[in-house]
Amino acid sequence: MKELELTPAPAADRGGDPPRPRRTPRVHYGWIVVAVSLVVLIGSAGFRSTPSLMMDALHDEFGWSRATISSAVSVNLALYGLTAPFAAALMDRFGVRPVVVCALLTISTGAGLTMLMTHPWQLILCWGVLVGLGSGSMAGAFATTISGRWFEARQGLVTGVLTAAGAAGNLVFMPVLAALVERHGWRTAVVVVSLCATAVAVPVLLLMREHPSDVGQLPYGATSAPPPPATDGSAVARSLRVLRGALRVRAFWLLAGSFAICGATTVGLVGTHFIPAAHDHGMPVTTGASLLALIGVFDVVGTIASGWFTDRFEPVRLLVVYYALRGLSLACLPALFGESLRPPILAFVIFYGLDWVATVPPTVALCRRHFGPDAPIVFGWVLAAHQVGAAAVAGLAGLARDSFGDYDSTWYAAGALCAVAVGCCLALRRAGTGGVGAPV
């Protein structure tokens, strides 16, 4: 953080008074913005993960199949990703604060209206569309925008910290919401989500600032002011224009393909179906939720460490290691489930948790390397691929459970997908790592 500095103030007009020193803040305001962003992202992740806790309760009350319930999760995950690039452009045009506040109120509305639902389409509308749009506006493109605007140094670390907020959201909300669903019903849980989403908007309104220049500072570690973000034209047009350019770059396809597999093997499969899969083996829902939250604990550690590694090591090599280890752990998972907590399942939770979203900091770094100032929007499109992969597997895994009676085939398929992701990263390394990516 910035040390205390003394800068001379202008001399007074009346004769010869000595200049008085002016103090500059000891704490760079970028760290305060990061703290506010952490609160936002923690809440967003916790709100978005609630349907996996309600799956059995909704099945028991309404008789809806898991495939039907999973379809709402799929819509949520798809919109979570597809909203991100447009949200990044909206933040450049209108500001971070209004976009985030509107997103939080959209989540609050969607969660609150869920209490009144009686048909599956209402679940898809409320939790799939409204909560998906709201949480997608605070997706990875938000973290990329904050780290890019406020930090010249430590960008990888800040990206890792903000990404880890998603895991922290599971850690904070999952056990609490699971207990509420079990003891007081799912409607109580969605009321809590709705109220919390509204409450999180308060620190955003009070403390969030748009640019370092708003508080008279440069980005952390910078020696000159950066150019302002592009604000000409509509956000939609700019997002699509950046996408058209990215589609001509081979690196974009490789990053999007590997990140789609990342989404499929994390939020799509484990985030959505780990709890019901554990319950199939006799494990209580609250225990499964606690294990998923424990994954979040180690995810915080792994993602922050990954940000630190990204500032120091080649991002492509990191991605190869992450995807290879993830595939091995998922292929072993079916043999580890049981009715109670045992050392093997705890070992999986620790190992998998460290790897959960460790892929984000190196992926963001590669977007910056290949696409420069457009990196937040490009990463938004890469994140869209992540969420499309997540949405597809969330629905397919529910269908596989209804068809085969267990989730075993989905875990093995996920392990195989990780091998494909390793191949994408190796191809990205061969495509080159300096400058703008090679054309397709």
Side-chain angles (χ1 to χ4, degrees), residues 52 66-67 70-71 73-74 76-78 80-82 140 163 166 250-278 292 295 299 302-303 306 315-337 348-349 351-360 362-363 366 379 381-404 406-431:
S52 65
R66 288 174 177 81
S70 296
S71 66
V73 179
S74 295
N76 179 294
L77 293 173
Y80 176 85
L82 293 171
T163 303
R250 184 184 181 195
F252 173 80
W253 290 97
L254 295 172
L255 287 168
S258 61
F259 218 46
I261 293 172
C262 178
T265 54
T266 52
V267 291
L269 182 56
V270 176
T272 305
H273 293 282
F274 180 86
I275 295 172
L292 197 57
I295 287 176
D299 184 17
T303 307
S306 179
V316 173
R317 293 182 181 178
L318 294 176
L319 290 176
V320 169
V321 172
Y322 295 158
Y323 285 121
L325 294 177
R326 181 184 300 177
L328 289 173
S329 65
L330 288 172
C332 295
L333 183 57
L336 305 180
F337 280 124
F348 168 82
V349 165
F351 187 83
Y352 184 81
L354 291 171
D355 188 81
W356 175 276
V357 287
T359 55
V360 174
T363 302
L366 290 169
F379 181 70
W381 286 113
V382 171
L383 181 65
H386 179 283
Q387 295 306 117
V388 168
V393 169
L396 290 173
L399 184 60
R401 170 61 179 80
D402 289 338
S403 301
F404 304 120
D406 60 44
Y407 285 98
D408 289 0
S409 60
T410 61
W411 306 120
Y412 298 134
L417 281 175
C418 288
V420 176
V422 169
C424 289
C425 295
L426 291 174
L428 181 63
R429 184 180 181 185
R430 290 193 296 270

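FYI, the numbering just counts along the sequence from 1. Heavy atoms only: backbone and side chains are in, while hydrogens, waters and symmetry mates are out.
- Judged as a side chain to side chain contact (heavy atoms under 4.5 Å, CB included), and not counting sequence neighbours, Ala392 has no contacts.
- Partners of Leu328 according to the side chain to side chain contact (heavy atoms under 4.5 Å, CB included) rule, which considers only residues two or more places apart in sequence or in another chain, do not exist here.
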Query raised in the report: Taking it one step at a time, do Leu319 and Leu366 satisfy side chain to side chain contact (heavy atoms under 4.5 Å, CB included)?
Result: CA-CA 11 Å; Leu319 290 176; Leu366 290 169; 3.7 Å; yes
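- Using a distance-only test at 3.5 Å, with no hydrogens or angles considered, a donor-acceptor pair links the side chain of Ser258 to the main chain of Leu254.
- Considering every non-hydrogen atom in both Ala358 and Gly302, the closest pair reads CB-O, 4.2 Å.
- In this structure, Pro362 and Ser306 approach most closely via the heavy-atom pair CD-OG, 3.6 Å.
- The aromatic rings of Phe274 and Phe348 sit parallel to each other, their planes meeting at less than 30°, with 60° as the upper class boundary.
- Taking the side chain to side chain donor-acceptor pair (under 3.5 Å) definition, one finds that Thr363 meets it with nothing, sequence neighbours left out.
- Closest heavy-atom contact between Leu330 and Ala414: CD1-CB, 3.8 Å.
- Here the side chains of Phe379 and Val360 are in contact, with some heavy-atom distance below 4.5 Å.
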For a quick test of your reading: what N or O donor-acceptor pairs under 3.5 Å do the side chains of residues 263-271 make, sequence neighbours left out?
{"unit_1": "Thr265", "atom_1": "OG1", "unit_2": "Ile261", "atom_2": "O", "d": "2.8"}
{"unit_1": "Thr265", "atom_1": "OG1", "unit_2": "Cys262", "atom_2": "O", "d": "3.2"}
{"unit_1": "Thr265", "atom_1": "OG1", "unit_2": "Arg326", "atom_2": "NH1", "d": "3.2"}
{"unit_1": "Thr266", "atom_1": "OG1", "unit_2": "Cys262", "atom_2": "O", "d": "2.6"}

Query raised in the report: Checking side chain to side chain contact (heavy atoms under 4.5 Å, CB included) for the pair Cys425/Tyr322: CA distance, chi angles, key distance, verdict?
Result: CA-CA 10 Å; Cys425 295; Tyr322 295 158; over 6 Å; no
Requested in this report: Mind running side chain to side chain contact (heavy atoms under 4.5 Å, CB included) on Thr410 and Val393 for me, showing each step along the way?
Outcome: CA-CA 9 Å; Thr410 61; Val393 169; over 6 Å; no
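- Listed by chain and residue number, Val320, Tyr323, Ala324, Leu426 satisfy the side chain to side chain contact (heavy atoms under 4.5 Å, CB included) test with Val422 (two or more places apart in sequence, or in another chain).
- Ala413 pairs by the side chain to side chain contact (heavy atoms under 4.5 Å, CB included) definition with nothing, not counting sequence neighbours.
- Listed by chain and number, the residues in a side chain to side chain donor-acceptor pair (under 3.5 Å) with Tyr407 are His273 (sequence neighbours excluded).
- Among residues two or more places apart in sequence or in another chain, the side chain to side chain donor-acceptor pair (under 3.5 Å) test is passed with Tyr352 by none.
- For the atom pair CG (Leu383) and CZ (Phe259), the distance works out to 6.0 Å, reported to the nearest 0.5 Å.
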